[in-house]
Structure formats: C-alpha cells, structure tokens
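The structure under discussion appears below in the form of structure tokens.
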Amino acid sequence: MGLFFIYSLKVAFCLIAFYLLFKLLLSKETFHSFNRLVLLLIMVVSILLPWVKVTTAEPTEIAEGMISIESVIASAEVVDSETPEGLTAIQLLFIIYIIGIAVFFLREVFSVFSLIRLIRRGTPLTAGQAGVSQRGVQVVVMKDEIAPFSWFRHVVLSEKDFRENPREILTHELAHIRLGHSWDVAVCNLLIIFQWWNPAAWLLKRELQNVHEFEADEAVIKRGVDAKQYQLLLIRKSVGERLFSMANNLNHQSLKKRITMMTTKKSSPWQKAKVLVALPMAALAVAAFANTEVERVAGQVETESQAVAEKAKADVAGGLAAAEQQPAEKLEVMDNKGKTVSVKGVVMQKEDEKPIIGAAVTIRGTKTGTVTDVDGKFHLDNVPVGSWIDVFMIDCEIGSLQVTEKNASDLHFAIAFDGSASSKSPDGNVFDVVEEMPVFPGGAVAMMDFFMKNMKYPKDAMEAKQEGRVIAQFVVEKDGSISGSHIVKSVSPSLDAEALRIVNAMPNWTPGRQNGKPVRVKYTVPLSFKLKGDADNAADGGVVKETIEKDLAQKVKNLVIVVDGKEVPEGEINNYLSSPEKIQSITVIKDMAKVKALYGNAANGKQGAIIITTKK
C-alpha cells in the first residue's frame, strides 16, 4: 500500500506537468480529434512513466589491490528513534488519501446506479421510432424537465426537447455515442478516484469534455444544421446543471468556448508538432524519479504509509482474535472497559521452561513496553483491561495474551525458542532485540558483490603496502538510507576514507522492524584490505569465497538444503560454494511450521531450512 502511495504521487507529478504543457500549446487549436488523442495519451503516459527505471550510478574501476568484506555482521542494535506519539504528517496524509479514494469510488458507483434508475423511468424508443439511422441506439424520453445527455448507447432528453428540437439535439448526442466519448469519461473518472486530490486530474477531464463538445458541435454543423440557429439553441439550453459525472450533457461545457470554437479559423496541421515538446518533459520526469534524494524521500513516505497499513491490519487481526475468546471472558472485558491494572508475568521456553532473557513485551497498538529480566519476568503498570500483551524475541514464535483482572498478576508465556537470549542495554535507549533485521538489496552476497565492483584500493596505500581490516559502523535509518557512518577500528587515513566512501555509496536497504514498525538499526561491518600476492593471483576472489564457505558451513548443520527448488544432501553443498559468484540469494527459514509445510517428512529432525537460488 505504501508503494502505491508513492506511485500515485509520481503519477500526479506527470499529470500536472503534461497538463500545463497541453494548456499552453494545444488547448486553443481546432484539430479536436488530435487534441483528444493527446489528452488520452497524457493519462496513459502519466500512468506508465513512473514504472520506467534508469540508473545514474557508475561503478568505480577496481585497482590492482583486492578488497573483501567478511560475511559476518559484527553487531546490530536498534537505535532509539525518538518518534513522537501519534501519527506523523505523512501518515495522516496517507489516511486522508485512502479515505478520499473510498469516497470518490462510492460517488462513481452512486452515479452509475442513478443513471440506470433514471433511464428505466423514461420511455424507451428504438432508433427507428426516434427517426435516427444509427443502429443499436436507444432514445429515452422523460416526462420531467431534464437537460439532454448521452451515456454509452443511450440518449436521454425531455418530451419538450424531443418535440421542439429533435434533429439538433439527437445529432449532437449521437456524435458523442459514435465517437465513444463515454469511454473517455469513464477512464477519466477512474483516474480521478485515485487522483482525487490532484487538480490536474480534474482539469484534464474538463479539457477532454471540452474537446468532446467541440467534436459533437462540429458534427452537427457538418450535418447541415444552421450554425446560428444551433448557437441560439445552445444559449436557450445554457440554464441547467450537470446531472451525472459519467454522462455527456448538451449544455455541460462552457458556452462561450463552444461558440468561439465554431467560428475560429482552422489551425495549421503543423501546429501539431508542438506535441514533440513533451518528449524532453518525459525525459526530465524519468531523470527526476531516478534522483537519489527523490528516492530517499520516496522511501521515507513509503515506509511511513506502509506502517499505517500494517497497523490497521494488525488491529483487525487483534480484533478477530479478541472475538474468539470465551463468552465469560468477553463479558468481563466489556464490563471493565476503561479500567487499568498492573501486569506481572514471566516468559519461559516451551521446551524446558527456562526463562527467556531480554524478550520484548509490549501492549499491542501502543509504544509502551519493557523487556524480561534475568528470571524471564516483566512488569507493566497502567495496562487497560482487555488489551493484548505481545511478546517478541529473535528466533522465537510470537506470544500473545489478553489482560483480564483475573490473570493480570500472573501472565505466563511459554514460547518456542531456538536462539540466544539478549537484553536491553542499561541506558534504555538501545535494544539488541530485533524482529526483522535490515537487508541489503539482494542479501549479503549482493552486498559483497557491490563492494567488490565499486571499491578501489587507494594508490598511496598500495605504494606504502598498507593492509589490514577496517571496521566501519553505520545506522540503517527507518527509510533504509545510511547515516552516521564512522570508523570503529582504523588502519590508515586513506583506507579508512575508502571504507567510508563505499559504505555511504550503498543503496537504500530494506529497513529493520521492531513490533511491526520500522526502526533505526546500527550495523558494524569489517572490511579487509589486502594487496594481491602470488598466491592470491592464482585464485581471484579467494577471500570472499572462503568467508562465504565458512558462513554457510555453519548454517547448513541440521537444515533442509534446497537449491533452485530441489532438495540436496548436506554433503553436496560444497558443489555450490565453489562458485559463490553464481549465487543470487540465500534464505534461511527457522519457522518449523513453514519448513514442515513446505518439505514434509524431509523436515523431520531438522531445525530449519536454507534455500539457495543461483544466477541463471
């Protein structure tokens, strides 16, 4: 949902730019069919252009030295984000946007049903009865006074209009039907549902409907109707309101513009060449979308809007879970609405009932929480009766219990655990407990490949034969960007500077999450700078290969091994480690329910699964 919000903003930018271009260059020209095509293309191009991806990154050539990154991430900590209570401005705008979509969708549905109901109230006439030659058209005559309009294969007009001016009105509305104008209006309305806040979307629809009227007026004049008589008819019919957003009304558009257009000298066909100005405009839009600063802001908007969607999903899930409680407990919760209690409890391992240290305990839907102590115990004050307490821990299943007055003093969580316990730091600002760690695009192998392709050995360090391991630390922000990079362990100024340069050049990561919300995560990465020797020349990339082999060798113990969708014995893993550059991604699944569901009996006695996808 957050990604769609970003996409909608990019579409809006394109619509505004192209509309202004059309208004400036083509809106006063008389080639109506061409203008209609241009307006439809503006909508299509604006919808498609945000999908065009370009990259402005240029890889830095690799010098004679060799650089490797160890696959082990030394530490990862959640940094206190100091997020204010309540919704951010971006999240509030996202909620308003979603509400607007729902309102305008219902508005269009209501308009369609109103049109259908109105048509059924009138007296239908076939094309022959109405005296028109266009087949498949149904003329509907209404007893009420109503402004004439057309909608797909229907023409609706009053009995008075049908008696007094049937030729001019029917010729005009039949032109709308013949040229398929109702389809154009339907497309505009669909676009407006998702761009309801964007003035350009409404103005484009108005311009398109202006062109529709110009085309229909032109068709009436070409059928031999006297222009002055027809203009007088338009003036008489100028009083009235547009009835439906889905219909083409005879008197809907600007009367002055229509009369002026009838008397305007035909534009030169060469004026159509103005549309070529849109090409550099489109290129400018693509370049703007590829700008790193734009992508950073877009990532922040996407992350915050996605958090709103996920919170709504979690609240719905929590409501459904609460509904499944036994009637007696439900009644108690309802009767005690508004009461708060002090909650005490313990979090134990399901297997051996040992305490779990450092588990995150939170009140669902709030930012209030704590962590378990050395005995696995926790204490929370002012907890509303009926709220849910959730327990999170890396490599653990999620535990949830609802608070009542009876169980508040003894909440007991028994959860499956297969990781090492960790705890909150003494200052209360940094956590070691992270549910979803940040991920470099494509995973650890892709990060190593990025470093190898983009780093170069500093010339002065090569001449001085400086080698060593630089340890860099940085923070992956909530929007996935990198900040606060610095050197934890230095080797030399030039090697330190190169390590920081490539760390800062990394693309946005997938941000880490805690309690379902994006958080800032601190990462420490060791980078080894090593000059090539004779032994290294015999096997380029040996250090990278070795670290990958060591890392994977630790992971494959007692796991189901799957390579490109096929299970393989553990002993064959070395066949794939021999060419690490051919590995596209590595995924580890520790949720045994998922492993058993995917691999059945093969998962018996295993602790998880490792899935390797190779490059094709």
Side-chain angles (χ1 to χ4, degrees), residues 31-40 43 108 111-142 144 146-192 204-225 227 230-231 233-234 237 240-255 257-258 261-262:
F31 25 78
H32 310 311
S33 297
F34 180 78
N35 279 358
R36 177 191 176 194
L37 177 62
V38 170
L39 288 167
L40 292 174
M43 289 184 278
E108 295 306 320
S111 178
V112 171
F113 279 103
S114 297
L115 275 168
I116 295 173
R117 186 172 56 185
L118 177 68
I119 291 171
R120 288 179 177 176
R121 280 175 35 213
T123 302
L125 303 177
T126 63
Q129 291 172 327
V132 298
S133 58
Q134 200 165 319
R135 294 184 178 181
V137 174
Q138 186 178 71
V139 178
V140 179
V141 179
M142 307 293 299
D144 303 331
I146 187 172
F149 69 87
S150 61
W151 185 57
F152 290 102
R153 309 299 294 179
H154 301 277
V155 176
V156 180
L157 72 168
S158 66
E159 288 182 350
K160 180 180 178 182
D161 287 330
F162 187 68
R163 288 194 310 268
E164 295 178 357
N165 306 102
R167 182 187 176 195
E168 294 87 349
I169 293 175
L170 290 175
T171 301
H172 180 95
E173 299 303 336
L174 289 174
H176 282 309
I177 294 174
R178 185 174 64 256
L179 295 171
H181 290 165
S182 292
W183 291 104
D184 295 359
V185 175
V187 171
C188 286
N189 288 338
L190 185 62
L191 181 64
I192 285 175
L204 275 170
K205 179 182 177 181
R206 190 178 70 178
E207 288 293 335
L208 189 57
Q209 288 186 306
N210 276 336
V211 172
H212 289 170
E213 298 304 322
F214 299 155
E215 286 187 308
D217 291 340
E218 190 175 54
V220 173
I221 302 300
K222 286 182 178 180
R223 288 295 179 93
V225 175
Y230 181 61
Q231 291 169 3
L233 172 64
L234 293 180
K237 292 295 177 184
E241 296 183 356
R242 173 187 178 189
L243 298 179
F244 304 99
S245 64
M246 296 290 292
N248 296 92
N249 293 274
L250 177 68
N251 59 306
H252 171 61
Q253 299 301 325
S254 170
L255 180 62
K257 284 184 179 180
R258 292 172 63 181
M261 193 60 70
M262 289 182 208

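Computed from a predicted model, the values in this text were never measured in an experiment.
- If you take CG on Leu39 and CE on Met43, they are separated by 6.5 Å, rounding to the nearest 0.5 Å.
- In the displayed structure, Arg153 atom CZ is contacted under 6.0 Å by more than 12 heavy atoms of other residues, nucleotides or ligands.
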- List the steps, then state whether side-chain contact (heavy atoms from CB on, under 4.5 Å) holds for Asn35 with Phe214. CA-CA 11 Å; Asn35 279 358; Phe214 299 155; over 6 Å; no
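- Checked against ring pair (Phe, Tyr, Trp, His ring centres under 6.0 Å), Phe31 has the following partners two or more places apart in sequence or in another chain: Phe34.
- One distance of note links CD of Glu168 with CG of Asp161; it measures 10.5 Å at 0.5 Å rounding.
- Considering every non-hydrogen atom in both Leu115 and Phe149, the closest pair reads CD2-CE1, 3.5 Å.
- Side-chain contact between Leu170 and Val139: present, with at least one pair of heavy atoms (C-beta onward) separated by less than 4.5 Å.
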- Audit row: Ile177, Ser182, side-chain contact (heavy atoms from CB on, under 4.5 Å) steps and yes/no: CA-CA 7 Å; Ile177 294 174; Ser182 292; 5.9 Å; no
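- Just one of His181, His32, His176 meets the side-chain hydrogen bond (donor to acceptor under 3.5 Å, both in side chains) condition when paired with Glu213; it is His176.
- The NE2 atom of His154 sits 4.5 Å away from atom CD1 of Ile119, with the distance rounded to the nearest 0.5 Å.
- Rounded to the nearest 0.5 Å, atoms CD (Gln209) and CZ (Arg36) are 12.0 Å apart.
- Closest approach of Thr171 to Arg223, counting heavy atoms only: CG2-CG, 3.7 Å.
- Here the side chains of Arg206 and Leu208 are not in contact, with every heavy-atom distance at 4.5 Å or above.
- Here the closest non-hydrogen pair linking Val137 and Val155 is CG1-CG2, 4.2 Å.
- A 4.5 Å side-chain heavy-atom check between Val140 and Leu125 finds every atom pair outside the cut-off.
- Side-chain contact between Leu40 and Asp184 is present, with heavy atoms from C-beta onward closer than 4.5 Å.
- To the nearest 0.5 Å, atom CD of residue Glu218 and atom NZ of residue Lys222 are 4.0 Å apart.
- The pair Arg121-Asp144 counts as a salt bridge, with a side-chain nitrogen and a carboxylate oxygen less than 4.0 angstrom apart.
- A donor-acceptor distance shorter than 3.5 angstrom exists from the side chain of Glu173 to the backbone of Ser150, with no hydrogens or angles considered.
- Here the closest non-hydrogen pair linking Ile169 and Pro148 is CG2-CB, 3.8 Å.
- Taken from NZ in Lys205 to CG in Asn189, the straight-line distance is 3.5 Å, to the nearest 0.5 Å.
- Contact detail for Gly224 and Arg167: the closest heavy-atom pair is C-NH2, 3.9 Å.
- Summarising the geometry of Met142 relative to Gly122, their closest heavy-atom pair is SD-CA, 3.4 Å, with the distance given to 0.1 Å.
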